[in-house]
Each structure stands twice: as structure tokens, then as C-alpha cells.
Amino acid sequence: MHLLVVQSDQRILQHPGLQPLWDSLDRDRIHQQYAAVGAMLLSLFAIVVGITSRHIAWALVGSLLATGSLWWLYRLLSEQPLAAWRRQLREEPESIVWVYGTVVERMPFGFKTTAVGTLYLVDTDGDCHTFSLRPKDLKLVTKTLNRVLPHADFGYSSERELKYRGEITDFRGRSRLNNVK
């Protein structure tokens with residue numbers, strides 16, 4: 001019986017409804033790698049400028065930035081967030097307790113220009129993990145995660161935020177703990 005449950009979880013994690021989530025993880029990782037390589041190139045430029053102009057401070061700052069960039073790039077290449085999330089959803093699905101999504105629409109002068117979806121996964125430690133998704137994919141991923149995480153609460157409410165985060169924060173950054181009924 002347990003073997004049957006594990007196999008069905010494997011199939012759910014391969015479901016096309018989760019592909020936008022996996023793509024979001026890959027996209028974020030690639031952007032971080034580009035930023036690390038860009039920081040590395042900038043640091044090498046600072047080293048060259050420091051050496052050619054005989055300003056030791058530029059060379060020192062460049063070498064510190066190069067060391068930090070190299071360390072960052074090493075961490076990015078050694079960690080596998082996609083595999084870690086798949087493993088967590090397969091082996092520890094109860095660690096995710098709350099799932100909700102938001103869509104932010106930018107409408108200058110009343111004309112909708114862009115819409116960005118964000119998926120929030122809150123774990124038992126209270127850590128909130130965010131994933132950038134297209135709004136049309138947000139509903140599909142949430143519905144698929146509902147099958148993967150049947151024990152988790154889905155959807156946003158003030159009561160759930162108070163339950164899982166311990167406080168409710170409005171958009172101006174102030175705590176609204178006393179305003180909750």
C-alpha cells in the first residue's frame with residue numbers, strides 16, 4: 001500500500017500542471033547565475049583599472065568582489081533547488097502548511113499593461129517561499145499543488161496569516177494585530 005502511494009506522488013510531481021513552477025525555479029537560478037557572472041566581470045574590470053592606473057584600492061576592491069562573486073557562483077552551481085523542492089514535495093509534503101497566490105496588475109492611467117503572479121508556499125517553520133509565475137499559470141499550479149498537498153491550507157485570509165506568521169501586516173508595513181476580529 002505504501003509503495004502505491006509513493007508511485008502516485010511521483011506521477012503527480014511529473015504532472016504538467018507543476019511545470020510552470022519548475023520553470024520558475026530554473027529561470028530564477030539562471031538569472032542569479034547571470035548576475036554572479038556579471039559581478040565577476042565587473043570585479044575583473046576593477047582589478048585591471050586598479051593595476052593600470054596604480055590605484056591599489058581599485059585592485060583590492062576588485063579582488064574582494066571577485067572572491068565574493070566566485071563564492072556566489074560556486075554556491076549557485078553546487079545547489080540544486082529544483083531537485084530539493086521535488087524531494088521536499090515527495091518526501092515531506094506535510095512541511096508545507098499554507099499555499100496562496102497573488103496577482104499584481106499594473107494599470108497606469110487605467111490601462112492594464114502587465115500582470116505578475118506570485119505563488120507563496122509557507123512551511124512549518126514559518127518561512128515563506130515565493131515563486132514568480134504568469135497569472136494564467138498560477139491557478140493551474142495551485143490546483144495541482146492542492147492534489148500534492150491535501151493537508152495544506154489554500155488561499156489567503158487574515159486568519160491564516162495570523163495563524164502561520166503570528167501577525168498580520170498591511171501594505172504600509174505596520175502590524176494590524178489588534179484590528180483582527
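Because only heavy atoms are used, hydrogens play no part in the values below, and waters and symmetry mates are left out as well, while side chains stay in.
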Could you give me the CA-CA distance, side-chain angles and deciding distance for L140 and L18, then say whether side chain to side chain contact (heavy atoms under 4.5 Å, CB included) is met?
-> CA-CA 8 Å; L140 175 66; L18 290 179; over 6 Å; no
Begin with the C-alpha distance, continue with both residues' side-chain angles, and end with the deciding distance and a verdict on side chain to side chain contact (heavy atoms under 4.5 Å, CB included) for E94 and T124.
-> CA-CA 8 Å; E94 65 281 349; T124 53; over 6 Å; no
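Taking CG from L149 and CG from L89, the interatomic distance works out to 5.5 Å, rounded to the nearest 0.5 Å. Note that OH of Y100 is 10.0 Å distant from OG of S157, once rounded to the nearest 0.5 Å. With rounding to the nearest 0.5 angstrom, the CZ atom of R27 is 6.5 Å from the CG atom of D23. For the atom pair Q19 CD and T144 OG1, the distance stands at 11.0 Å (nearest 0.5 Å). Between D123 atom CG and E92 atom CD the span is 10.0 Å, to the nearest 0.5 Å. With values rounded to the nearest 0.5 angstrom, R75 atom CZ is found 9.5 Å from Q32 atom CD.
There is a path of hydrophobic side-chain contacts, each under 4.5 Å, that joins L70 to I47. One hydrophobic cluster holds both L25 and V99 under the rule that ILVMFWY side chains link at heavy-atom gaps under 4.5 Å. Residues L44 and W71 do not share a hydrophobic cluster, clusters being chains of Ile/Leu/Val/Met/Phe/Trp/Tyr side chains in contact below 4.5 Å. Grouping the Ile, Leu, Val, Met, Phe, Trp and Tyr side chains by contacts below 4.5 angstrom, directly or via other members, places L77 with L41. Under the 4.5 Å side-chain contact rule for hydrophobic residues, F45 and M40 do not share a cluster.
No side-chain N or O of E105 forms a donor-acceptor pair with one of T114 less than 3.5 Å apart.
Heavy atoms of other residues, nucleotides or ligands lying less than 6.0 angstrom from CH2 of W58 number 12 at most. More than 12 non-hydrogen atoms from other residues, nucleotides or ligands lie less than 6.0 angstrom from CZ of R86.
For the pair L145 and L121, the minimum side-chain heavy-atom distance is below 4.5 Å. The closest side-chain heavy-atom distance from T142 to F154 is below 4.5 Å. Between Y156 and T102 the shortest side-chain heavy-atom distance does not fall below 4.5 Å. Side-chain contact between V97 and D153 is absent, with no heavy-atom pair separated by less than 4.5 Å. Proximity of L73 to V37: side-chain heavy atoms (C-beta onward) are separated by under 4.5 Å at one or more points. At a threshold of 4.5 Å between non-hydrogen side-chain atoms, the residues V141 and L133 count as touching.
Checked against a 6.0 Å centroid threshold, the rings of W72 and Y74 do not count as neighbours.
A donor-acceptor distance shorter than 3.5 angstrom exists from the side chain of H151 to the backbone of I96, with no hydrogens or angles considered. With D125 contributing its side chain and D127 its backbone, the two residues share no donor-acceptor pair below 3.5 Å. With hydrogens and angles ignored, the 3.5 Å screen pairs a side-chain donor or acceptor of H15 with a backbone N or O of G17. Looking at S24, its side chain does come within 3.5 Å of a backbone N or O of S132 through a donor-acceptor pair.
Residues Y120 and C128 approach most closely at CD2-SG, 3.5 Å, considering heavy atoms. Across every non-hydrogen atom of A39 and S69, the tightest pair is CB-OG, 3.2 Å. Contact between S43 and G62 at its shortest, heavy atoms only, is CB-O, 3.2 Å. In plain terms, the two heavy atoms of G155 and R160 that are nearest each other are O-NH1, 2.9 Å. The two residues V49 and S53 come nearest to each other via the heavy atoms O-OG, 2.6 Å.
We find that D26 and R29 are not joined by a salt bridge, their nearest charged nitrogen and carboxylate oxygen being 4.0 Å or further apart. The pair E159-K163 does not count as a salt bridge, with every side-chain nitrogen at least 4.0 angstrom from each carboxylate oxygen.
The aromatic rings of H129 and W85 sit perpendicular, their planes meeting at an angle over 60°, well past the 30° parallel limit.
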